[in-house]
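Side chains included, hydrogens not; waters and symmetry mates left out as well; all remaining heavy atoms used. Because the structure is a prediction, the values reported are computed rather than measured. Numbers here are sequence positions counted from 1.
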Amino acid sequence: MRNIKARAISALIAKLCIEANTKLRGDIRCAICAALKKETSVRAKRYLKMLIDNAGIAAKEGIAICQDTGIAAVFVDMGQNAHVIGGLLKSAVDRGVERGYKEGYFRKSVVHCPIRRKNTGTNTPAILHTTIVPGDSFKVWVMVKGFGSENKSVIKMLYPTAGEEEIIDFILDTVKNAGAEACPPLAIGIGMGGTFDHAAHLAKRSLLRDIGKKNPEKYLAVLEKKIMDKVNKLGIGPMGLGGKTTALGVTILASATHIAGLPVAVNISCHATRSAYGKL
């Protein structure tokens with residue numbers, strides 16, 4: 001059994017919160033640069049260039065890429081032979097988020113109650129997803145999710161008879177409804193299968209995959225490209241001002257499901273799609 005100190009987890013989470021908020025992922029930057037080369041709209045090209053410049057300033061100055069520094073969604077893949085000592089995993093994660101947001105001078109956006117709306121002042125609690133994996137490793141991804149795009153995410157329980165075109169139409173309708181309010185160009189995470197809650201989890205987790213990295217499932221890779229092509233023909237474009245670049249990427253995670261259902265979740269993410277990875 002490998003022991004992992006809770007305070008080491010907190011320190012890593014704090015570091016990743018700062019990194020996710022201030023440094024654009026390399027794959028996202030490459031996707032924006034690639035889109036810039038393909039765009040023909042002068043206005044769309046100007047805004048794509050602004051996104052790249054904005055990310056450069058944030059990284060250089062150590063300031064947030066976006067004013068909405070989001071709620072922290074933390075994905076932990078923990079080996080079954082690893083053991084957290086010196087505190088609870090959840091508490092260690094929350095302490096790390098609190099420390100990272102304090103040291104990074106980031107806006108605290110979490111309220112204690114969804115109705116009474118009192119700010120917790122710490123940007124906690126974080127949303128923690130844990131997966132037990134073989135071995136004794138400890139891997140973690142911190143995703144900071146702003147709600148301009150999160151509010152546009154949708155889940156639908158389709159009938160099992162729904163075909164591929166019905167699924168695609170649902171995704172396109174979701175993107176159309178998001179329009180400019182989700183800060184396109186978007187990263188579109190799709191979860192299919194499982195249950196109501198598991199599909200939503202898969203949709204968000206799929207956003208951790210690098211844009212441009214092909215889906216290992218050949219059928220899903222083809223479907224991702226088909227959806228991407230259709231989304232970019234909507235003409236919404238960067239910041240909703242028109243152009244060929246409505247989405248930077250489409251990522252799908254699928255799971256086994258019940259014979260009587262077909263859950264499909266669409267997690268919309270803005271052009272920044274902020275996350276950072278670390279391990280202990």
Side-chain angles (χ1 to χ4, degrees), residues 1-23 25-28 69-104 106 108-110 120 122-147 149-150 153 187 189-191 193-211 213 216 251-256 265 267 269 272-280:
M1 184 68 71
R2 177 180 172 229
N3 291 330
I4 299 173
K5 294 179 180 176
R7 66 169 180 267
I9 294 173
S10 297
L12 177 59
I13 295 291
K15 173 179 170 288
L16 296 177
C17 284
I18 293 172
E19 184 178 329
N21 268 300
T22 59
K23 296 180 180 177
R25 280 171 27 182
D27 60 303
I28 300 292
T69 48
I71 188 170
V74 179
F75 297 81
V76 171
D77 282 4
M78 187 167 171
Q80 64 180 353
N81 296 322
H83 177 58
V84 177
I85 59 172
L88 297 174
L89 172 62
K90 181 67 170 70
S91 299
V93 167
D94 282 344
R95 279 198 299 272
V97 171
E98 180 177 358
R99 179 175 154 189
Y101 274 71
K102 183 178 181 181
E103 292 178 357
F106 303 139
K108 284 80 174 179
S109 306
V110 175
T120 64
T122 60
N123 220 56
T124 64
I127 309 299
L128 176 60
H129 304 277
T130 54
T131 303
I132 303 301
V133 299
D136 60 3
S137 62
F138 184 92
K139 299 179 180 178
V140 59
W141 295 258
V142 172
M143 177 184 289
V144 292
K145 197 72 170 60
F147 264 49
S149 59
E150 188 76 353
S153 301
I190 299 167
T195 53
F196 177 86
D197 53 315
H198 191 53
H201 169 77
L202 292 174
K204 180 154 287 170
R205 179 151 187 147
S206 78
L207 293 170
L208 297 175
R209 172 153 60 91
D210 282 0
I211 297 291
K213 185 177 181 181
T251 50
I252 300 176
L253 272 177
S255 171
N267 194 201
S269 191
T273 304
R274 295 157 292 176
S275 70
Y277 165 76
K279 63 180 180 179
L280 292 173

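Of the possible polar contacts, one joining the Arg209 side chain to the Lys213 backbone as a donor-acceptor pair under 3.5 Å is found.
A search for salt bridge (Lys or Arg N to Asp or Glu O under 4.0 Å) contacts involving Arg95 returns nothing, not counting sequence neighbours. In this structure, Lys23 has no salt bridge (Lys or Arg N to Asp or Glu O under 4.0 Å) partners at least two apart in sequence or on a different chain. For Ser149, the side chain to side chain donor-acceptor pair (under 3.5 Å) partners are Lys145, not counting sequence neighbours. For the salt bridge (Lys or Arg N to Asp or Glu O under 4.0 Å) test, residues two or more places apart in sequence or in another chain that qualify with Glu19 are Lys15.
Looking at Val140 and Lys279, their side chains never come closer than 4.5 Å, going by heavy atoms from C-beta outward. Using a 4.5 Å heavy-atom cutoff, the side chains of Thr251 and Ile190 are not in contact. Proximity of Tyr277 to Val142: side-chain heavy atoms (C-beta onward) are nowhere separated by under 4.5 Å. In this structure, the side chains of Leu207 and Ser275 stay at 4.5 Å or more apart for every pair of heavy atoms. Within the 4.5 Å cutoff, the side chain of Glu103 has no heavy atoms near those of the Glu98 side chain.
For the atom pair CG (Leu12) and SG (Cys17), the distance works out to 9.5 Å, reported to the nearest 0.5 Å. Taken to the nearest 0.5 Å, the CG atom of Asn123 stands 5.5 Å off from the OG atom of Ser109. Rounding to the nearest 0.5 Å gives a distance of 5.5 Å between CG of Leu253 and CG of Leu202.
Closest non-hydrogen pair, Gly193 versus Ala199, comes out as O-CB, 3.5 Å. Across Ala203 and Ala265, no two heavy atoms sit closer than the pair CB-O, 3.6 Å.
Atom CZ of Arg2 sits in a crowded spot, with more than 12 heavy atoms from other residues, nucleotides or ligands closer than 6.0 Å. Within 6.0 Å of the NZ atom in Lys139, the count of heavy atoms belonging to other residues, nucleotides or ligands does not exceed 12.
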Stepwise side-chain hydrogen bond (donor to acceptor under 3.5 Å, both in side chains) check, Ser153 with Asn267: CA-CA 5 Å; Ser153 301; Asn267 194 201; 2.8 Å; yes
Take Arg274 and Arg25, measure what side-chain contact (heavy atoms from CB on, under 4.5 Å) needs, and give me the verdict at the end. CA-CA 7 Å; Arg274 295 157 292 176; Arg25 280 171 27 182; over 6 Å; no
Take Thr69 and Val144, measure what side-chain contact (heavy atoms from CB on, under 4.5 Å) needs, and give me the verdict at the end. CA-CA 7 Å; Thr69 48; Val144 292; over 6 Å; no
For residues 71-88, run the donor-acceptor check on the side chains, cut-off 3.5 Å, and write out each pair with its distance to 0.1 Å, sequence neighbours left out.
residue: Asp77; atom: OD1; partner: Arg205; partner atom: NH1; Å: 3.2
residue: Asp77; atom: OD1; partner: Arg205; partner atom: NH2; Å: 3.3
residue: Asp77; atom: OD2; partner: Arg205; partner atom: NH2; Å: 2.8

Distance-only check: which donor-acceptor pairs under 3.5 Å involve side-chain atoms of residues 124-138, not counting sequence neighbours?
residue: Thr124; atom: OG1; partner: Thr122; partner atom: OG1; Å: 2.5
residue: His129; atom: ND1; partner: His201; partner atom: ND1; Å: 3.2

